[in-house]
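Reviewing the structure listed below.
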Amino acid sequence: MSDVITGHEQNPAALLEHVFGQIAADEMRGLPFYRDHIPLRACGFQRFEQQWIGALLTPWMLSLVVFPGPEQSWQRRTLGERLMLALPCGTIGFTVSEVAGCGQYLSRSLMSPLDTALSAERALQLAEQSARMALSLPVVDADGPANPRRRALFSKVSQIKNQHA
């Protein structure tokens, strides 16, 4: 086994759907948390800083996943190791995962098991929105202080002034 994980030249969405489709058929179908009505889809995959990132929806879970991109090489890591990635939405913790046919990748569980009340349509929307939100810039109040601790300081100063008034 090589110490280096080579990147995916093509978008890994179709590969993920194929591999996890086999997992669904061979191992997961029939388990109590398997939701037959939920489709298996790799959603919103695009390259960010030369890595592929998107959401994987299966009948049992929803995860954010990252794969090495074209001409990228990742050092092989211990399965289960946790890494923090700085994404536009903020810093997110990922776990090193591996599935035969896909190689190593990073995953962040967003919902596992899936909510029993989740419809197929809503699950797909959630997966697409999750992939999009991971790469979205955070929205901040332009009129608010840049440092939230400063806001607390100002409210304490205001409270002290009101007590002495």
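Hydrogens, waters and symmetry mates play no part in the numbers below; they use all other heavy atoms, side chains included. Bear in mind the structure is a predicted one, so any value in this text is a computation, not a measurement.
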Q. Do Q72 and T6 have side-chain heavy atoms sitting under 4.5 Å apart?
A. no

Q.
Running the 4.5 Å side-chain criterion over Ile, Leu, Val, Met, Phe, Trp and Tyr, what cluster does V19 land in, apart from itself?
A. L15, L16, F20, I23, M28, L31, F33, Y34, L40, F45, W52, L56, W60, M61, V65, F67, V99, Y105

(Q) With rounding to the nearest 0.5 angstrom, report the CD to CG distance, E81 to L106. (A) 9.5 Å

Q | Listed once per pair and sorted, the salt bridge (charged side-chain N to carboxylate O under 4.0 Å, His left out) pairs that draw on residues 40-58, sequence neighbours left out | A | none

Q. Looking only at heavy atoms, what is the nearest atom pair of I38 and A123, with distance?
A. CD1-CB, 3.8 Å

Q: Taking the side chain as every heavy atom from C-beta outward, state whether T78 and V96 have any atom pair closer than 4.5 Å.
A: no

Q) L62 and L126: side chain to side chain contact (heavy atoms under 4.5 Å, CB included), yes or no, with the steps? A) CA-CA 9 Å; L62 171 61; L126 189 57; 3.8 Å; yes

Q. Which atom names give the shortest non-hydrogen contact between A127 and L57, and what distance separates them?
A. CB-CB, 4.1 Å

Q: Verify, without hydrogens or angle tests, whether Q104 (side chain) and S97 (backbone) share a donor-acceptor contact under 3.5 angstrom.
A: no

Q: Taking the side chain as every heavy atom from C-beta outward, state whether E27 and Q22 have any pair of such atoms under 4.5 Å apart.
A: no

Q.
Going by side-chain hydrogen bond (donor to acceptor under 3.5 Å, both in side chains), name the pairs with one or both residues in residues 61-70, residues two or more places apart or in two chains.
A. none

Q) Using a side-chain heavy atom cutoff under 4.5 Å and only I, L, V, M, F, W and Y, what cluster partners does M133 have? A) none

Q | Donor-acceptor under 3.5 Å (H37 side chain, L118 main chain) | A | yes

**Q.** Qualifying salt bridge (charged side-chain N to carboxylate O under 4.0 Å, His left out) pairs with a residue from residues 58-70, counting only residues at least two apart or across chains
**A.** none

Q: Would you mind reporting whether I53 and L85 have side-chain heavy atoms less than 4.5 Å apart?
A: no

Q: Given side chain to side chain contact (heavy atoms under 4.5 Å, CB included), test Q50 with E71 step by step and report yes or no.
A: CA-CA 8 Å; Q50 303 306 309; E71 301 177 23; over 6 Å; no

Q. If we only count heavy atoms from C-beta on, is the L135 to Q46 side-chain gap below 4.5 Å?
A. yes

(Q) Salt bridge check, R76 against E98: does any charged N sit closer than 4.0 Å to a carboxylate O? (A) yes

Q) Do L83 and V4 sit in the same hydrophobic cluster, where Ile, Leu, Val, Met, Phe, Trp and Tyr count as joined when their side-chain heavy atoms come under 4.5 Å apart? A) no

Q.
Applying side-chain hydrogen bond (donor to acceptor under 3.5 Å, both in side chains) as the test, list every pair that has at least one member in residues 110-125; sequence neighbours left out.
A. R122-Q125

Q: Step through the shown structure and confirm whether more than 12 heavy atoms of other residues, nucleotides or ligands are within 6.0 Å of CD on Q10.
A: no

Q) Taking side chain as C-beta onward, heavy atoms only, is V66 less than 4.5 Å from R108? A) no

**Q.** Test item: S73 and I5 side chains (from C-beta on) under 4.5 Å apart, heavy atoms
**A.** no

Q) Taking the side chain as C-beta and beyond, is there a heavy-atom pair between P59 and L114 under 4.5 Å? A) no

